[in-house]
Asks: 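Below you will find the structure I want to go over with you.
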Amino acid sequence: MKTTFLSLLLWATLTAAGLGAAAAPWRVTVGGRVADVAQIADVCYVRFPVTGPTAVEFAADKPISTAILSPTASAPATRPSTGGKSVEIDRPRHLVVTAPGLPRLFLFAEPPETGAPRPGDASVLNVLDYGVDATGTALQTAKLQQALDEASARHATLYFPAGTYLSGTLQVKSHTTVYLAAGARLQGSSQRADYPPWPGRAEAGDGNNGENFSFTQLILVNRAEDVRIAGRGEIRGGGAAVRNQGGRARVLCIRDSRTVQVEDVMLNDASAWNTHVLYSEDISFRRVKLLNDRTVGNTDGIDPDSSRRVRIEGGFFYCSDDCVAIKSTHNGGLLRDVEDIVVRDCVMLTKKSAMKLGTETKAAFQRDVRFENNDVIEADRFFTLYCYDGATFERVQFINNRLESTFPDSKRCAFHFQIKRRSGAGHMRDILVQDCVLSVRPPQESELAGLDAEHAISGVRFENLTVAGKVVTSAAEAGIRTNGFVSGVTFAGGK
């Protein structure tokens, strides 16, 4: 065990430093063809299209005694193959392979790409035509921004062919499509100075419950509309290198904008929150993968903040912090009610909360939020409602979600609903947990805790909640404790 651990630690260290490409221990074939195994921090991943039943074989530098595929509720069966395991994948999906002594392997089986822009078309600008270097050896911020500005002026698509494009902060303006082809990586600089803060702001960290958490990012969509970021390429932040210099650059910030679509791309290696949707509306994420370095703190997945009509669908999250955290922070002076957020059909792994409202809750309301049909492979908390700054949470629904295991962090529970007083005190009401499954009973009790008689939790309905194979019909059976400021907690059995 000692040798295995040290080998894995060395591999993770080299990878985090950007030196581990040759050390990736997994070998994968898809339909008999060798696939490209990429890595970030302590995980490996493969992307490939699926049009029908496809044989996928995975082997490693050491024998694989066992391999667990997740989500376990729907994963196909594995079979022994030469030197490893094989599985047949018949549809687009995200699978996690866990094997003893090896980094996790993510299998991203994707639908065939359709409607990709074609270089040479009048509405498609090739980034290489702007003299941009595609080797990743020199900073290209000014040239890339010039290309983006022209794409906006012409209502065009900026096309990134395969290659590595090193950059600091870039702004994507209205009427622009950014398309990254397979093999294209927009690589964030490792230098904090290449991420200037918003005008009039200083990047000083969070001194006021989210208001000053970060004013820097690699990609900024600011006061824009009709923006699309798409393709089978990757946008990778500065990660630990920038954080170690005191920076908190997000990979993507959508600020005071509307009608923004993000599709298929990978958003990786944030220095803090990966993707921040601030004071925006009509925003969609489809089939987006977010992989963070879990040694870097505060690396949330997607945080809708003072926003409305946000859709997050078919995504994959690997985070050190909350996968999806719905907030109202007053970041940069922007604040309004949160309304109409839907998160569905995602796969999540995190050291903290999988699906969350809070912790920052400075608007009057956070309401009409729905988490549906998500698979949580591991999390410290399954569902989290933290109302700490005075909002009212209402009409929050958790429908048909599944938890496989708890991460050994501080809470290790299924539900943690709590009202506290920081900059204000709020309320929670009309919360529905329906058709959700906990494959195992978490090691610690869940908690529902109001603050006082004026700031309480009311109307929490559990319908058809399954814990370790049994439908539970009471708080005691579910392992949930409440305080004296919680009322209207009900349980109902099967449909």
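Note that the numbering runs from 1 along the sequence shown for the chain. Heavy atoms only: backbone and side chains are in, while hydrogens, waters and symmetry mates are out.
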Asks: Given Tyr386, which partner from the list Glu360, Arg381, Gln418 fulfils the side chain to side chain donor-acceptor pair (under 3.5 Å) test?
Replies: Arg381

Asks: A cation-pi test, strictly: NZ or CZ of Arg336 under 6.0 Å from the centre of the six-membered ring of Tyr279 and no more than 45 degrees from its axis. Yes or no?
Replies: yes

Asks: State whether Asp409 and Lys352 are salt-bridged, where the test is any N-O pair (Lys NZ or Arg NE/NH1/NH2 against Asp/Glu carboxylate O) under 4.0 Å.
Replies: yes

Asks: Please confirm whether Arg422 makes a cation-pi placement over Tyr388, using NZ or CZ under 6.0 Å from the six-membered ring centre and within 45° of the ring normal.
Replies: no

Asks: Sequence neighbours left out, what passes salt bridge (Lys or Arg N to Asp or Glu O under 4.0 Å) with Glu211? Give chain and number order.
Replies: Lys362

Asks: Phe160 and Tyr179: aromatic ring centres closer than 6.0 Å?
Replies: no

Asks: Name the one of Arg154, Lys173, Gln171 that satisfies side chain to side chain donor-acceptor pair (under 3.5 Å) with Asp149?
Replies: Lys173

Asks: Checking side-chain polar atoms at under 3.5 Å, does Glu477 have a donor or acceptor matched by the opposite partner on Thr473?
Replies: yes

Asks: Would you tell me whether Asn483 and Arg481 have side-chain atoms, one donor and one acceptor, within less than 3.5 Å of each other?
Replies: no

Asks: Please step through salt bridge (charged side-chain N to carboxylate O under 4.0 Å, His left out) for the pair Glu225 and Arg258, ending with a clear verdict.
Replies: CA-CA 5 Å; Glu225 62 182 3; Arg258 55 213 46 84; 5.1 Å; no

Asks: Could you tell me whether the side chain of Asn374 and the main chain of Val343 form a donor-acceptor pair under 3.5 Å?
Replies: yes

Asks: Can Lys356 and Asp322 be counted as an ion pair, charged N to O under 4.0 angstrom?
Replies: yes

Asks: Identify whether the distance between the nearest side-chain nitrogen and carboxylate oxygen of Asp430 and Arg395 falls below 4.0 Å.
Replies: no

Asks: Looking at His455, is its backbone amide N or carbonyl O close enough to the side chain of Asp452 to form a donor-acceptor pair, meaning the two atoms are under 3.5 Å apart?
Replies: yes

Asks: Evaluate the side-chain proximity of Val347 to Phe106: yes if any heavy-atom separation is below 4.5 Å, no if none is.
Replies: no

Asks: Do any N or O atoms from the side chain of Arg47 and from the backbone of Arg232 form a donor-acceptor pair under 3.5 angstrom?
Replies: yes

Asks: Side chains of Asn244 and Arg192: is there a donor and an acceptor less than 3.5 Å apart?
Replies: no

Asks: Is there a side-chain contact (heavy atoms from CB on, under 4.5 Å) between Asp269 and Leu291 once you walk through the steps?
Replies: CA-CA 6 Å; Asp269 206 14; Leu291 308 184; over 6 Å; no

Asks: Tell me yes or no: between the side chains of Trp273 and Gln217, is some donor less than 3.5 Å from an acceptor?
Replies: no

Asks: Which residue is it: Asp340, Asp282, Asp345? I am looking for the one with a salt bridge (Lys or Arg N to Asp or Glu O under 4.0 Å) to Arg311.
Replies: Asp340

Asks: Over 60° means perpendicular and under 30° means parallel, so classify the ring planes of Phe316 and Phe108, tilted if in between.
Replies: perpendicular

